[in-house]
Structure formats: C-alpha cells, structure tokens
Asks: 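Once you've had a glance at the structure underneath, I'll fire off some questions.
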There are 2 protein chains.
Amino acid sequence: MSPTPARTSRAAIVRAARDLLEEGGPDAVTMAGVAARVGVRPPSLYKRVRDRAALLEAVATDAADELATVLSGAAGEPGDPPEERLAGLAHAYRAYARRSPRAAAMLFMDLGPGTHAPLEAAARAARPVVDVAADLVGPDAALPAARVLTSFVHGFTSMELAGAFRLGGSVDDAFELGVTTLARGLRDVAG
Amino acid sequence: MSPTPARTSRAAIVRAARDLLEEGGPDAVTMAGVAARVGVRPPSLYKRVRDRAALLEAVATDAADELATVLSGAAGEPGDPPEERLAGLAHAYRAYARRSPRAAAMLFMDLGPGTHAPLEAAARAARPVVDVAADLVGPDAALPAARVLTSFVHGFTSMELAGAFRLGGSVDDAFELGVTTLARGLRDVAG
DNA sequence: ACCTGAACACCGTTCAAGT
DNA sequence: ACCTGAACACCGTTCAAGT
C-alpha cells in the first residue's frame, strides 16, 4: 500500500559502524551488529551501502572529513610564527588520533583498488599543513616539506597507538623532539 | 598403525600465508587457501597454528625478523659518518617495504590484545637504528632520536604504499629531504 | 602422531514477498 | 519505496574416525 518511510539513514549507519570499529576493531564491524545498532535488519543496510567494504571505506572517509575540520581549526593565525603553527597542527592530529585510534589507523590503510575517497578526504585534511609549510619554507618547497611533516606525525601516532614504544623514556618528549627538529630543520634547509 | 609423517611444517604454512597476503591482502589469507598451498586440508593447519589470528601474527613476526636481518646488514661501518649510516638504514627500510608492502603495513598494526610477538621482533629490528642514533647524538638522546627517525620512515612508506602522495612532485626527493633534515637536525639539537 | 570428511556456527549477500 | 524472512555461499573451527 503506502510506501514505508525510511527507518534509518546512511549517516546513522556510518556512525554505528565507526562506533563499533572503535569499540572492537574492524572484525567487530559486522553487518548484523551495525543493523542492530540502527534498529533494522541486516538486508536493509544494502539500500544505503553497496557492501561491507564500501561501509568501511565510508567510515574512513568520515574520519578523514572530521580530521579536516579539526586541522583547519588548529592552523593558528597567519601572523603567528610558522614553527608554532606547525606544532599546533601536529598536536591537534595527535589528539585526534588518540580520540579515534582505529579510524586514524584506517586513514592511510590500503583498502583495495578503487578506494580513493578516503585518500581524497585525507588530502583535503592535509591542506592546512601545506599552507603553513609554504609560510615556513616558501611555496616551491612546501609540498615536500608537508609530506615530511605529515609522514612523521602519522608514523609516530600509529606506532604509539600500536604500542611500539616500549623501551621506556618519555614518548611526549620524543614527539616534541620530532616536531621541533623538523620545523627548524626544514626552515634551515630551505633558507 | 604407524604414525603418519608430517606432510607440512609451520614455516611452510607461514610462508604460504605471507605469499597470499602480498598477493591479495589480508582477506586473501584464508585457511582453505593456505591449506591448498601447502598441500593439506584446512583442519590440519590447526596442528601447527592456534587459529587464523595467530597465523597472521606469525606472518607479521616473520616479516619483522626478516627486517631485522635487512637492517643489520645495512647499518654500515662504525667508522662511517652517522648521517650516512642513518640514510643507509632509511633506504634499506624503504626498499624492504616496497618489496613486502602488505607485511610492512602489518608491522605496527594493532592485532588485538596479547600480540606482542611482532612488536618485540620489530624492536629487535630497530636495534641498529638506536645504535647509529647513539653515534649521532650520544647515548642519552639516542632513544628519542631513533623514535623520531623510525616514525618518519614508517609513516612515509605507509603513506607512499597507500597511494597518499597524489599531488605530483618527486616522492623520492621528499624522502631524501626528510632523511637529511632529520639527520642534521637531530645532531644539531643534541649538540 | 598426523591427517581427513563431516558437521556446525557464523557472516555477507540476494531476493521474493510484504506493507 | 523501504523493510523483512528465508535461503545460499563461504569461511573458521571442532571432532570423531582413519592410517
């Protein structure tokens, strides 16, 4: 008779999947689990999502979009010293990665062929880093400098979240050392 | 009657799993696929391996052990300048990550609670980095310096292998920039 | 002592039938 | 137009029975 109204939404599904991801890792993101969270039966999910792989890709894209918002809010003022602005971006990323560790781990994970959506969103998120790097080393050297900085921050946080720093010593100090060494060093190399 | 002789080995199983991983990603590592490769039926695998998760953990540990061999062979001579020795280690890691991209991605991946085996093997692999870092910045600052260097190299290679560097420019040059900036910068910070 | 077929539980996915 | 029960394929895992 009358068409039944939608009982859930793609956004609610992605949110439920992301919650399950953070609670129990990728294996915990089952179609049955997601369906139960949004109050629907598993087959209904396929009206909003192609399959489980596409759902995980949507979760990664969602996380990258959120990171983009976080970083644009942490880029500081154009008048501030670029070294300080870069440090602000680095700390904002680390705080984000601690808040959403499993989603952060998916940002640069290989999700199979044809999955550029998360990478494009991540590239958008990296925009402020390139901008501030341009202030630090000039427009020509901005891209490689941003790549170096992003690599360090991403690598450090993934190792940290994986529990790879187990030999003692202050992990905070090591992060600070990396940020300041790169900010100063990149400026000097370009200058 | 007479006990049947072993028709495969744990090493062969791990090797087959690692091959499948590199060919098709984690999803391609099925117990049936591994069993077929080693010429046995799936239930027989459980004589050598607790379950699939333990098999993947063994693959990661195997890859980390191989990395340890690669890096100790690339640490250079004690007489060489530490900056050059660090660059050699960085390039050796990158070459290894390109040869075994999916296994490298598993090195610092969260494999669930109680899976320190790969992390311990990775720590062993990082030993030469700490040693050379000590030559560069002294024994007290060696650990944080090694953490910074390892984070950069790991982060850069994972982003590279995920296809995250899509804005043009020379990726090789960016890697070189990171390595030299860190080697010089860390030395100056400590000095 | 290791191997296997058969069986089971679980999960992703499809589809015809309902409203 | 969306939702669902039923069904199917596939995979991880167990176990009794073989040698």
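Labels below follow one simple rule: chain letters A, B, ... track the order of the sequence lines, proteins then strands, and each chain is numbered from 1. Treat the numbers as computed from the prediction; the structure is a model and nothing was measured. Scope of the values below: all heavy atoms of this structure, side chains included, with no hydrogens, waters or symmetry mates.
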Asks: Between B:Asp51 (CG) and D:dG12 (C1'), how many Å, whole number?
Replies: 9 Å

Asks: Quickly work out the A:Arg7 CZ to D:dC2 P distance and round it to whole Å.
Replies: 12 Å

Asks: From C:dT14, C:dG5, C:dT13, pick the nucleotide closest to the side chain of A:Pro43?
Replies: C:dT14

Asks: Sequence neighbours left out, what pairs pass salt bridge (Lys or Arg N to Asp or Glu O under 4.0 Å) with at least one residue falling in residues 133-147 of chain B?
Replies: B:Arg85-B:Asp135

Asks: Counting only side-chain heavy atoms from C-beta out, which of C:dC2, C:dT4, D:dC3 sits nearest to B:Ala6?
Replies: C:dC2

Asks: The side chain of A:Thr4 is closest to which nucleotide in this list: D:dC15, D:dC2, D:dT19?
Replies: D:dC2

Asks: Can you tell me how far the CD atom of B:Glu57 sits from the NE2 atom of B:His116, to the nearest 0.5 Å?
Replies: 8.0 Å

Asks: Grab the NZ-C1' distance between A:Lys47 and C:dC15 for me, whole Å please.
Replies: 11 Å

Asks: Output yes when at least one side-chain N/O atom of B:Arg48 is less than 4.0 Å from OP1 or OP2 of C:dC3, else no.
Replies: yes

Asks: For A:Leu56 and C:dC11, what is the distance between atoms CG and C1' respectively, to the nearest whole Å?
Replies: 14 Å

Asks: Can A:Arg10 and A:Asp62 be counted as an ion pair, charged N to O under 4.0 angstrom?
Replies: no

Asks: Once you round it to whole Å, what is the distance between C1' of C:dG12 and CG of A:Asp27?
Replies: 14 Å

Asks: Which whole-number value in Å describes the distance from B:Arg50 CZ to D:dT14 C1'?
Replies: 16 Å

Asks: Hey, can you tell me if B:Phe152 and B:Phe175 have their rings parallel, tilted or perpendicular (30° and 60° cut-offs)?
Replies: parallel

Asks: Is there a Watson-Crick or G-U wobble partner for D:dA1 with both distances under 3.5 Å, and if so, which one is it?
Replies: C:dT19

Asks: Applying a 3.5 Å limit to both distances, which nucleotide forms a Watson-Crick or G-U wobble pair with D:dA7?
Replies: C:dT13

Asks: Counting side-chain heavy atoms from C-beta on, which of C:dG12, D:dT4, D:dT14 comes nearest to A:Tyr46?
Replies: C:dG12

Asks: Check every atom of D:dC3, C:dG12, C:dT4 against the side chain of A:Arg52 and return the nucleotide holding the closest atom.
Replies: C:dG12

Asks: Using whole Å, what does the distance between atom C1' of nucleotide D:dT13 and atom CE of B:Met31 come to?
Replies: 8 Å

Asks: Any luck finding a side-chain donor-acceptor pair between B:Arg127 and B:Ser72 under 3.5 Å?
Replies: no

Asks: Any idea which of C:dT4, D:dC3, D:dG5 is nearest the A:Arg41 side chain?
Replies: D:dG5

Asks: By nearest atom, which of the nucleotides C:dC3, C:dT13, D:dG12 is closest to the B:Thr30 side chain?
Replies: D:dG12

